[in-house]
Student: 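There's a structure below that I have some questions on.
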Amino acid sequence: MTPRPESSGPHPEQSAEQRRTEPPTATRKKAAAKKAAVEKAAAASSTAKAAAPEKKATTRKAAAKTAAVRKAAAKTPAAEKTTAKKSATGKTTAKTAAKKTTARTTAAEKATVKKTVAKKAVAKKATTKRTVAKKATTKTAAATDAVLRQAPPTGSVAQPAPPEMEIAVSPAVEAADRERLLGGTHHAPHSVLGAHPVPGGIVFRVFKPYALAVTVLSGGLTVELHDDGDGFFSGLLPLREVPAYRLLVTYEGTVQETEDAYRFLPTLGELDLHLIGEGRHEELWTVLGAHPMTHQGVTGTRFSVWAPNARGVRVAGTFNFWDGTGFPMRSLGSSGVWELFVPGIGEGELYKFEITRPDGSRTLRADPLARRTEVPPATSSIVTSSHYEWGDAEWLRRRAEVPAHRAPFSVYEVHLPSWRPGLTYRQLAEQLPAYVKDLGFTHVELMPVAEHPFGGSWGYQVTGFYAPTARLGTPDDFRYLVDRLHQAGIGVLMDWVPAHFPRDEWALAEFDGRPLYEHEDPLRAAHPDWGTLEFDFGRREVRNFLVANALYWCEEFHIDGLRVDAVASMLYLDYSREPGQWTPNEHGGRENLDAVAFLQEMNATVYRRVPGVVTIAEESTAWDGVTRATHHQGPSGFGGLGFGLKWNMGWMHDSLQYMSHDPVHRRYHHHEMTFSMVYAYSENYVLPISHDEVVHGKRSLVSKMPGDWWQQRANLRAYLGFMWAHPGKQLLFMGQEFAQGAEWSEAHGPDWWLLDPHYGAEADHRGVRDLVRDLNTVYGHTPALWERDTEPDGFRWVAGDAAEDNVLAFLRYDGDGSPLLAVSHFAPVVRHEYRIGVPDDVPAWHEVLNTDAGRYGGGDVTRPDPVKPEPQGRHGYPASIRLTLPPLATVWLRPA
């Protein structure tokens, strides 16, 4: 068989001279020299003739001038080419004889055209051998002649070839390509399917499984392609160039007119592929995934996915009844990216990628960069585009004016699905901003946001890193919620989980048949605590996937901050691993150098691209420089990780441990409340009372407190007052703001019924919530409590060693030196005339907050009148004031 030249693409630039084949004289000489072979081949059975596409020889002159033939010649030795040509000529004895006698006549050209345009008619009568074949030839040539006469005379649509042009290739898909397309292992389907210039005209090849017929439509030209079986259709038209065309596809019971998906150029440019290969594409979500678009003047959807180990990739979805056989994607070289533009497909279509693994097995995978998903437990990706118009321009403009560590920062942590169970994003947008604003919080932290299959994971085992969870609505619905929070003056943080991902067989695990997103070393890949897989932070494409994901949430959804989960598990190679279960790094240490580099790159990129955004590390160890700039090297030899803030897990653990003791024993644990100030300025801290502290048998915050119900609430109020005054930002989980007694459950959320006026103890819970509101209000109006959170000069102990009295007192200063005095008393007794040292430059102090106030449910041991300092020194200060300390209470005083 004559080798089929490779196509140079759907729109090659060839002159008419380059497309012209050898003159008839040379053809007659060549035919005469091969007469014996021709006559021998004429005896071949009609079955073989129908199965093997007919071809004709071309001259060396045409081969030299035609680009496609040059490619074939470069691949095939001259001897093999001659043999193949003889075989092809032998199979067409009748046509060769006709060429010898009437080589220059129009009738001969029509006889040539019959093989490609009306090949189907010949195939149907193949069993009648040459007599019936000759009848089909005459009939088909006449039909083709009539069709060509209908074609427009200009070259814009379809131009007939010159009379002397001859067919030199078969239009049918070759056996090897056919097998690979059917098996889902073809890397370059566009080089086979579609329309391609070849010697003799333009070949059309279409792969439409289940189709009964396929017709090419081009202006006035209408040609039915030959059915080659297994869904393949082909035909060769004697045209000068590839015309603008569409396909008319006949199925049982329906006919569809459509564009040919394999006539389009790639939708990804060289720069995109270069950046992907380098791991530096900061807008990766714009090039990978499913994107409705207009390409070469046609609307459709571009599908693209990174799967470098795949033998082939096809896209399946609702638009092809989940059979991806007829939708093979093309490989875009060494980038590992596969791409296909599918015309006529738009928003709302469900899809997945059908990947042929290296071992030949197949797997159906959700899109790693899907921007919308089905509602779990369904797992399909959904084609989507955003049509949302933002209204938060003023918020975005102002948020970068002051760094987070120098601004008020009080966070209300919310589990969205259970805050008000049953509410959608848009319904939450009508209630959550008003509630948070009323309580005075500056920010909300949302969990979960990214899609996850199991609700009980609270969103910490993510499968859809680029898709807001569909449980509550669409991506634009989530945008609406963020927008409404911003318009209410509330910043939005989200929990972000780049440490690991679950093993679900339809998601990221061994995505293309081999470890891809996870580390190839099983010991490095398996997370020992959660049964998940850790990302391979050393692979540049994986780092790119995660860095771009951080930017995606900030840029596409206007998120104001990322709280990065489980940072400690990323930083240490031996995290939760026993000796022998981990391998030291190149320096012999336990640090995961790849994870360090990733976190530095992520933070540096986010802060560079998105002004005003803050990143927050949930990091539970003493790693040096979590919130230090990445270019500043510390004592450990590492540059900083570059986070803006870090959760102070040590403060949380120690202070809750202290509060859990009965007051009579607290004197022995006084250091648990003071130790945090030893390292308070080593990082920029957030003081977290998060969801992790009120679940799994840890009890709710109020239930951690000792004593009866009155003492529990008093302890809680005193603790909150101490927390809001302590250096660092604050975070409080939902339900704790009104002293919920039960642990949180994602199944039903906070116990809002405790605030029902008809409930007997409603006042007790409402009082704690009123305290939280006042704490936030005074906090927001008192720069001393937040302006110098990260500066040692902004804090001074007054009484840090009064363990016998269970008293802690300290001063906070703002940038102008104006102080706030905070006194916490963690004993259940009233202490009268308790002397507290103060500076002598403040003429009087005024009580601005007292957690024992009656409206909070306390004993109302308060002091409405200012208190003046006395010249009697105390606690190392030249003056002092005498206070009546309420039981289990915190008091704030400011200069009057």
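Every value quoted in this text rests on a predicted model; they were computed, and no experiment measured them.
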Student: Nearest 0.5 Å, what's the CG-OG1 distance between Leu350 and Thr318?
Tutor: 5.0 Å

Student: Please tell me whether Tyr517 and Trp306 form a close aromatic pair, meaning their ring centres lie under 6.0 Å apart.
Tutor: yes

Student: Looking at CG of Leu593 and CD of Glu586, how far apart are the two atoms once the value is rounded to the nearest 0.5 Å?
Tutor: 5.5 Å

Student: So His527 and His500, would you call those rings parallel, tilted or perpendicular, with 30° and 60° as cut-offs?
Tutor: tilted

Student: Does Thr267 offer a backbone N or O that forms a donor-acceptor pair with the side chain of Glu339 under 3.5 Å?
Tutor: yes

Student: Is the count of non-hydrogen atoms from other residues, nucleotides or ligands lying under 6.0 Å from Arg362 atom CZ greater than 12?
Tutor: yes

Student: Could you check whether any side-chain heavy atom of Leu284 comes within less than 4.5 Å of a side-chain heavy atom of Ile276, counting everything from C-beta outward?
Tutor: yes

Student: Is Arg371 close enough and on-axis enough to Tyr466, meaning under 6.0 Å and within 45°, for cation-pi?
Tutor: no

Student: Start with the C-alpha gap between Leu217 and Glu257, add the side-chain angles, then the distance that decides, and say whether side chain to side chain contact (heavy atoms under 4.5 Å, CB included) holds.
Tutor: CA-CA 9 Å; Leu217 307 176; Glu257 183 176 336; 3.9 Å; yes

Student: Give a yes or no on whether the backbone of Gly184 and the side-chain of Thr356 come within a donor-acceptor separation of less than 3.5 Å.
Tutor: yes

Student: Between Phe204 and Tyr245 (judged by ring centroids, cut-off 6.0 Å), do the two rings come close enough to count as a pair?
Tutor: yes

Student: Donor-acceptor check, side chain of Asn309 to backbone of Asp512, threshold 3.5 angstrom: yes or no?
Tutor: no

Student: Do Arg514 and Glu520 sit within salt-bridge range, that is, some charged N less than 4.0 Å from a carboxylate O?
Tutor: no

Student: Please report the shortest heavy-atom distance between Pro368 and Phe545, naming the atom on each side.
Tutor: O-CE1, 3.7 Å

Student: Once rounded to the nearest 0.5 Å, what's the spacing between atom CD of Gln461 and atom CD of Glu451?
Tutor: 13.5 Å

Student: Please answer whether the main-chain N or O of Leu236 pairs with a side-chain N or O of His226 as donor and acceptor at a distance below 3.5 Å.
Tutor: no

Student: Assess whether atom OH of Tyr251 is packed by more than 12 heavy atoms of other residues, nucleotides or ligands within 6.0 Å.
Tutor: yes

Student: I'd like to know if the side chain of Ser304 reaches the main chain of Val287, judged simply by a donor and an acceptor atom lying under 3.5 Å from each other, with no hydrogens or angles considered.
Tutor: yes

Student: Measure from the side-chain N and O atoms of His291 to the backbone N and O of Gly289, and report whether any donor-acceptor pair falls under 3.5 Å.
Tutor: no

Student: Would Ile559 and Val613 satisfy side chain to side chain contact (heavy atoms under 4.5 Å, CB included), going step by step from the backbone distance to the final call?
Tutor: CA-CA 8 Å; Ile559 296 297; Val613 167; over 6 Å; no

Student: For the pair Arg365 (side chain) and Glu505 (backbone), establish whether a donor and an acceptor sit closer than 3.5 Å, ignoring hydrogens and angles.
Tutor: yes

Student: Backbone N or O of Trp506 within a donor-acceptor pair of the Asp504 side chain at under 3.5 Å?
Tutor: no

Student: I need the minimum non-hydrogen distance between Ala550 and Val606, along with the two atoms involved.
Tutor: CB-CG2, 3.9 Å

Student: Write down the atom of Ala548, the atom of His281, and the distance for their closest heavy-atom approach.
Tutor: CB-O, 3.9 Å

Student: Between Val203 and Pro171, which heavy-atom pair has the shortest distance, and what is it?
Tutor: CG2-CA, 3.3 Å

Student: Can you find a pair of side-chain heavy atoms, one from Val298 and one from Arg263, that are under 4.5 Å apart?
Tutor: yes

Student: Atom OG1 in Thr605, atom CZ in Arg543: separation rounded to 0.5 Å?
Tutor: 10.5 Å

Student: State whether the side chain of Asp476 and the backbone N or O of Ser386 hold a donor-acceptor pair below 3.5 Å, judged by distance alone.
Tutor: no

Student: Below 30° counts as parallel, above 60° as perpendicular, anything between as tilted: where do the rings of Phe303 and Phe353 land?
Tutor: perpendicular

Student: Please check this pair: side chain of Thr384 against backbone of Arg372, looking for a donor-acceptor N/O pair closer than 3.5 Å.
Tutor: no

Student: Mark yes when over 12 heavy atoms from residues, nucleotides or ligands other than Glu347 sit less than 6.0 Å from its CD; otherwise mark no.
Tutor: yes

Student: Side-chain contact, heavy-atom cut-off 4.5 Å: His452 with Val497?
Tutor: no

Student: If every non-hydrogen atom of Val173 is compared with every non-hydrogen atom of Phe232, which pair is closest and at what distance?
Tutor: CG2-CD2, 3.8 Å

Student: Hey, does Tyr210 have a side-chain heavy atom less than 4.5 Å from the side chain of Asp323?
Tutor: yes

Student: Can you tell me how far CZ of Phe264 sits from CZ of Arg330, rounded to the nearest 0.5 angstrom?
Tutor: 10.0 Å

Student: Could you report the tightest heavy-atom contact between Val542 and Leu516, atom names first, then the distance?
Tutor: CG2-O, 3.5 Å

Student: With heavy-atom distances below 4.5 Å as the criterion, would you say the side chains of Leu546 and Met602 are in contact?
Tutor: no

Student: Are Pro328 and Tyr262 packed together at the side-chain level, in the sense that at least one heavy-atom pair is separated by less than 4.5 angstrom?
Tutor: yes

Student: Do the non-hydrogen side-chain atoms of Asn592 and Met570 ever get within less than 4.5 Å of each other?
Tutor: no

Student: For Phe465 and Leu508, what are the C-alpha separation, side-chain angles and deciding distance, and is it a side chain to side chain contact (heavy atoms under 4.5 Å, CB included)?
Tutor: CA-CA 10 Å; Phe465 281 82; Leu508 295 183; 3.8 Å; yes

Student: Any Lys/Arg nitrogen of Arg524 or Asp594 sitting under 4.0 Å from an Asp/Glu carboxylate oxygen of the other?
Tutor: yes

Student: Kindly indicate whether the side chain of Thr583, heavy atoms from C-beta on, has any atom under 4.5 Å from the side chain of Leu573.
Tutor: no

Student: Taking atom types as modelled, is there a side-chain donor on Ser361 or Asp359 under 3.5 Å from an acceptor on the other?
Tutor: yes

Student: Evaluate side chain to side chain contact (heavy atoms under 4.5 Å, CB included) for Arg608 paired with Glu282, printing each intermediate quantity in order.
Tutor: CA-CA 11 Å; Arg608 170 172 54 82; Glu282 296 177 356; 2.5 Å; yes

Student: Give me the ring orientation class for Trp553 and Phe478: parallel if the planes are under 30° apart, tilted from 30 to 60°, perpendicular past 60°.
Tutor: perpendicular

Student: Ring centroids only, cut at 6.0 angstrom: are Phe535 and Phe598 within range, meaning strictly under it?
Tutor: no

Student: Might you work through the salt bridge (Lys or Arg N to Asp or Glu O under 4.0 Å) test for Arg609 and Glu283, ending with a clear yes or no?
Tutor: CA-CA 11 Å; Arg609 285 190 56 132; Glu283 296 180 358; 2.9 Å; yes

Student: Regarding Glu174 and Arg180, does a basic nitrogen lie under 4.0 Å from an acidic carboxylate oxygen?
Tutor: no

Student: Rounded to the nearest 0.5 Å, how far does CG of Leu288 lie from CZ of Arg302?
Tutor: 8.0 Å

Student: Check Glu601 with Arg540, please: is the shortest side-chain N to carboxylate O separation under 4.0 Å?
Tutor: no

